[in-house]
Protein chains: 2
Amino acid sequence: MPQKNVPAIVVGRLPLYLRTLQFLKNEGKRVTSSQELAERLGLTSAQIRKDLSYFGEFGKQGTGYAIEFLEEQLRGILNVNRQWNVFLVGVGDLGRALAHYRGFQANGFRLVALFDNAPKKIGGKVGDLTIHDTSAMPRVIAEKKLRIAILAVPAESAQAVAEQLVGLGVRAILNYAPVTLSVPPKVKVYYIDPVAALQGMTYYL
Amino acid sequence: MPQKNVPAIVVGRLPLYLRTLQFLKNEGKRVTSSQELAERLGLTSAQIRKDLSYFGEFGKQGTGYAIEFLEEQLRGILNVNRQWNVFLVGVGDLGRALAHYRGFQANGFRLVALFDNAPKKIGGKVGDLTIHDTSAMPRVIAEKKLRIAILAVPAESAQAVAEQLVGLGVRAILNYAPVTLSVPPKVKVYYIDPVAALQGMTYYL
DNA sequence: TAGATTGTTAATCGATTAACAATC
DNA sequence: TAGATTGTTAATCGATTAACAATC
């Protein structure tokens, strides 16, 4: 349950703190400080302390933060101290790649269903998942109580699919389609567009 | 050549404006307005006008913006009115997927070289590209004058590889490794981390 | 105790937005 | 001309940072 009114930009940094803590733990450390975290992340220590202060007091003056403890706290705040089942819509070029990607599973996001609307693809398999027709989405999403979608359909159909997903109770969309989606505020969308990212960098070249 | 001191966040929005213009053009439109763009992008029209004003005056009072003209201007500003050759380091699970992705090519970013350090992979092919040993990077990068890298190595080696790339003259890194890179300011890094993205969304679920 | 580092306040910095004169 | 929309200014809003008392 979101504590105060935490800015989205702060929430977006918490996963970075979390992964940095895991990294430090792997190095055998048990305690860290806002300064050490800041160095690793290219931020200021004040920002890290301020961000954490939205959620509670997790450190000790003079010594810093117990890594394992802070890690668990962040997992709790982010709701990632559990497994989330996710599904993918659009098994094209990109979708197929995403279905093969092991990083989701390795971090508690398990891909449990694939959908596409191309008759040729329906019934096909990617890994051990079968591609279902998009017409099966209402049933499967309800049965598996899915709330997180990965969207990898063409830009032209993304808005229509997103609307359908919202109607089916989806609350978070990781959107790989290069288009801004219009959805109700309760639905969160995160955009991943590597081409836009490259175009933003060539400006400086 | 960057005009004034344009905030990075503004530069980051230009690709979104560009792709929206392409979208509108595909719909047969020839003219648009800051208001129409704003609606499509979920921004305010004032922001769009302000952003564009960093670079010049591209519209006409009363009528708005000629789509094709503004598109060309933005391409010029972003330096994407040409083809860029890019290369990929790290041909694992994820790298392989990226190598197959056609979206780069389709938008003027041509993948021209693949590198990995696993002996088993060297000499192997992905599509019509051969995987080279990372030891060949200095030669290939110099020969092909490459300045844009896509980094898809494990988090543990990302920093070391990034430093090597910087030494070889790379100026832009699209980083898929879940770690913050420390590089000189002249080198631009863009981070893509779908797991962090999902973790930022589950906060709200 | 002395040194270190937190959590928090207040100041600063930067980005967004409202408003409107200019003008097509 | 009347209506529409730009480019820009100034106000507002929000995020970052510096500073420091509290305290381990």
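Chain naming here is simple, since letters A, B, ... match the order of the sequence lines and numbering starts at 1 in each.
Within 6.0 Å of the CD atom in A/Q83, the count of heavy atoms belonging to other residues, nucleotides or ligands exceeds 12. The number of heavy atoms from other shown groups lying within 6.0 Å of CZ (A/R30) does not exceed 12.
A/Y101 is linked by a ring-ring contact (aromatic ring centres under 6.0 Å, His included) to A/F104, counting only residues two or more places apart in sequence or in another chain. A search for side chain to side chain contact (heavy atoms under 4.5 Å, CB included) contacts involving B/L129 returns B/L111, B/L114, not counting sequence neighbours. Under the side-chain hydrogen bond (donor to acceptor under 3.5 Å, both in side chains) criterion, B/T32 pairs with B/E36, sequence neighbours left out. Qualifying side-chain hydrogen bond (donor to acceptor under 3.5 Å, both in side chains) partners for B/R19, counting only residues two or more places apart in sequence or in other chains: A/D193. Listed by chain and residue number, nothing satisfies the side-chain hydrogen bond (donor to acceptor under 3.5 Å, both in side chains) test with A/Q105 (two or more places apart in sequence, or in another chain). Contacts of B/F115 classified as ring-ring contact (aromatic ring centres under 6.0 Å, His included), with partners at least two apart in sequence or in another chain: B/F87. For A/Q61, the side chain to side chain contact (heavy atoms under 4.5 Å, CB included) criterion is met by no residue, not counting sequence neighbours.
What you find for A/L205 and B/R171 is that their closest heavy atoms are CD2-CB, 3.3 Å.
Applying the salt bridge (Lys or Arg N to Asp or Glu O under 4.0 Å) test to every pair with at least one member in residues 126-154 of chain B, sequence neighbours left out, gives these pairs: B/R139-B/E143.
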Pairs under 3.5 angstrom, nitrogen or oxygen only, protein versus nucleotides 10-17 of chain D, please.
{"from": "D/dT16", "atom 1": "OP1", "to": "A/R13", "atom 2": "NH1", "distance (Å)": "3.1"}
{"from": "D/dT16", "atom 1": "OP1", "to": "A/Q47", "atom 2": "NE2", "distance (Å)": "3.4"}
{"from": "D/dT16", "atom 1": "OP2", "to": "A/R13", "atom 2": "NH2", "distance (Å)": "3.0"}
{"from": "D/dT16", "atom 1": "OP2", "to": "A/Q47", "atom 2": "NE2", "distance (Å)": "3.3"}
{"from": "D/dT16", "atom 1": "O5'", "to": "A/Q47", "atom 2": "NE2", "distance (Å)": "3.1"}
{"from": "D/dT17", "atom 1": "OP2", "to": "A/T44", "atom 2": "OG1", "distance (Å)": "3.2"}

Set out, line by line, the N/O atom pairs under 3.5 Å between protein and nucleotides 3-7 of chain C.
{"from": "C/dT5", "atom 1": "O4'", "to": "A/G62", "atom 2": "N", "distance (Å)": "3.0"}
{"from": "C/dT5", "atom 1": "O2", "to": "A/G62", "atom 2": "N", "distance (Å)": "3.3"}
{"from": "C/dT6", "atom 1": "OP1", "to": "A/S34", "atom 2": "N", "distance (Å)": "2.7"}
{"from": "C/dT6", "atom 1": "OP2", "to": "A/S34", "atom 2": "OG", "distance (Å)": "2.6"}
{"from": "C/dG7", "atom 1": "OP1", "to": "A/F58", "atom 2": "N", "distance (Å)": "2.9"}
{"from": "C/dG7", "atom 1": "OP1", "to": "A/G59", "atom 2": "N", "distance (Å)": "2.8"}
{"from": "C/dG7", "atom 1": "OP2", "to": "A/Y65", "atom 2": "OH", "distance (Å)": "2.8"}
{"from": "C/dG7", "atom 1": "O3'", "to": "A/E57", "atom 2": "OE2", "distance (Å)": "3.2"}
{"from": "C/dG7", "atom 1": "N7", "to": "A/R49", "atom 2": "NE", "distance (Å)": "2.7"}
{"from": "C/dG7", "atom 1": "O6", "to": "A/R49", "atom 2": "NE", "distance (Å)": "3.3"}
{"from": "C/dG7", "atom 1": "O6", "to": "A/R49", "atom 2": "NH2", "distance (Å)": "2.9"}

Nucleotide pairing, DNA chain D (Watson-Crick or G-U, distances under 3.5 Å), in dot-bracket with [ ] and |: ..||||||||||||||||||||||

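Less than 4.0 Å separates DNA chain D from no heavy atom of any residue of residues 181-190 of chain A.
The closest side-chain donor-acceptor pair between A/S34 and A/R49 falls under 3.5 angstrom.
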